[in-house]
S.K.: 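Could you have a look at this structure, given as structure tokens, before my questions?
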Amino acid sequence: MSDFDYIVVGGGIIGMMTARELDIQGARVAIFEHKTLGMETSWAAGGILSSMRPWAESFDSMVLSEHGKALYPYYLELLKQETEIDSEYIQSGLIIIDEAHSSKIKNWASNGNIALIEDKKNISCGISLPKHSVLLPDIAQLRPPRLLKALSKSLKQSSVSIYENTKITNLVTKNNRFQFVEFTGGKVSADAVIITAGVWSQSLVSNLSKDISVKPIRGQMLCVKADEIIIDKMILDGAHYLIPRKDGHILIGSTMEDVGFNNETTKSARQELLDWAYSISPVFSKAKPVSHWSGLRPQSITGKPFIGKMPSFKNIYINAGHFRKGILQAPASAKLIVDCVFGKTSFMDIENFNMEGFKKTLEFS
Ligand SMILES: Cc1cc2nc3c(=O)[nH]c(=O)nc-3n(C[C@H](O)[C@H](O)[C@H](O)COP(=O)(O)OP(=O)(O)OC[C@H]3O[C@@H](n4cnc5c(N)ncnc54)[C@H](O)[C@@H]3O)c2cc1C
């Protein structure tokens, strides 16, 4: 008999939500994390619960995002009751201020019946805004470090076996079946394994499939504080955005850098983010930088995450490559993969998230 029913490799938001869902379904689960649960890319995220360019999203990705958005309020309420940690979910709304972006958003919102406020008289947020600004009032945010702390606490209170500071070095298979994971000093077996290792997923499965291609795109973020700045809505301007938190901290994001697995912060990025914030409002000259960090977004070659069973293997699954939407899509993505593992019908067809589904989409587009 195997040591566990399921092994989850990688303890970011995707891995922790996947392990939690498996545990809720009554499975015997182990999660392996190279470092500390939740301290890599997921920790670095801003926590905006929306796609940045929803009009350009594929249909499948949009359904996953919308399902994630719908699951969050109840999910976070349960997690708060369980752990007494508040992830600070707030429906603060998102203002889009650049002209090209706001006109695309207007079309997208009217086609999809999405609430949108165009009249500037009805949009206030504490700083003056360009005339073509539009507000999506229903967009919410949460604080990823708090959510990750809550998920880690929830798993530690559950019957999931947690192996932190343990890097999986190899997945051992026989006759196209997964047998056990290897790490320095040991091996653990399970009936199936689920890879949730973000940007590191490709290297874990490279000898099993050439189809899984996920590359890192670095994002740097600044956190500032100034008592004079009172912004109560998120502001989006191209790739840059502001996220105001309840305690007066404001996040200034973010960069998009193709620099491999280098997650250092740089002076030039810090200056780029501060210059952009000053350009939005001179009040930012009074802001004190509190912290500066970076994370590696897992960008998949298909433009949507890989979710499902690995081709040619009976019991190896993957849930990785969520790029800029991993926080938004995590609860839906965990539900979809766990439904697949248990052979249940889910809220959408998981086949859309494998390489074959991607090729099919290309054929019909
Ligand atoms: C600056 C920035 C801002 C962002 N803002 C948003 C946002 O506002 N909204 C949104 O939805 N998304 C946002 N994202 C994207 C989001 O953060 C990611 O899509 C998401 O965190 C990916 O989660 P993950 O669990 O796949 O990866 P990770 O959090 O990186 O987790 C993977 C884990 O696997 C572990 N691991 C790797 N290899 C092994 C191994 N061999 N053995 C054991 N463990 C291993 C790693 O240590 C890591 O902890 C942002 C990202 C960045 C960088």
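Atoms within each ligand, like the ligands themselves, are counted from 1 in listed order.
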S.K.: I'd like to check the side chain to side chain contact (heavy atoms under 4.5 Å, CB included) partners of Asn107; sequence neighbours left out, ordered by chain and number.
M.R.: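 Side chain to side chain contact (heavy atoms under 4.5 Å, CB included) check on Asn107 returns nothing, list empty.
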S.K.: Between Lys225 and Asp247, is there a side-chain N and carboxylate O pair less than 4.0 Å apart?
M.R.: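 No, Lys225 and Asp247 are not salt-bridged.
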S.K.: Looking at Glu99, I want to see if its CD is surrounded by more than 12 non-hydrogen atoms of other residues, nucleotides or ligands under 6.0 Å.
M.R.: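 No, because the 6.0 Å sphere around CD of Glu99 holds 12 heavy atoms or fewer from other groups.
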S.K.: I'd like to check the side chain to side chain donor-acceptor pair (under 3.5 Å) partners of Ser65; sequence neighbours left out, ordered by chain and number.
M.R.: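 Per chain and number, Ser65 pairs via side chain to side chain donor-acceptor pair (under 3.5 Å) with Glu57, Gln329.
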S.K.: Which protein residues have a heavy atom closer than 4.0 Å to any atom of ligand 1, listed by chain and number?
M.R.: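 Under the 4.0 Å cut-off, ligand 1 touches Val9, Gly10, Gly11, Gly12, Ile13, Ile14, Phe32, Glu33, His34, Glu40, Thr41, Ser42, Ala44, Ala45, Gly46, Gly47, Ile48, Thr166, Lys167, Ile168, Thr196, Ala197, Gly198, Trp200, Leu204, Gly219, Met221, Tyr241, Gly295, Arg297, Pro298, His322, Phe323, Arg324, Lys325, Gly326, Ile327, Leu328.
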S.K.: Could you work out the complete set of other residues in the hydrophobic cluster of Tyr74, with links drawn between I, L, V, M, F, W and Y side chains under 4.5 Å apart?
M.R.: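 Besides Tyr74, the cluster holds Leu78.
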S.K.: Verify the neighbour count for atom NZ of Lys210: are there more than 12 heavy atoms of other residues, nucleotides or ligands below 6.0 Å?
M.R.: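 Count over threshold, so yes.
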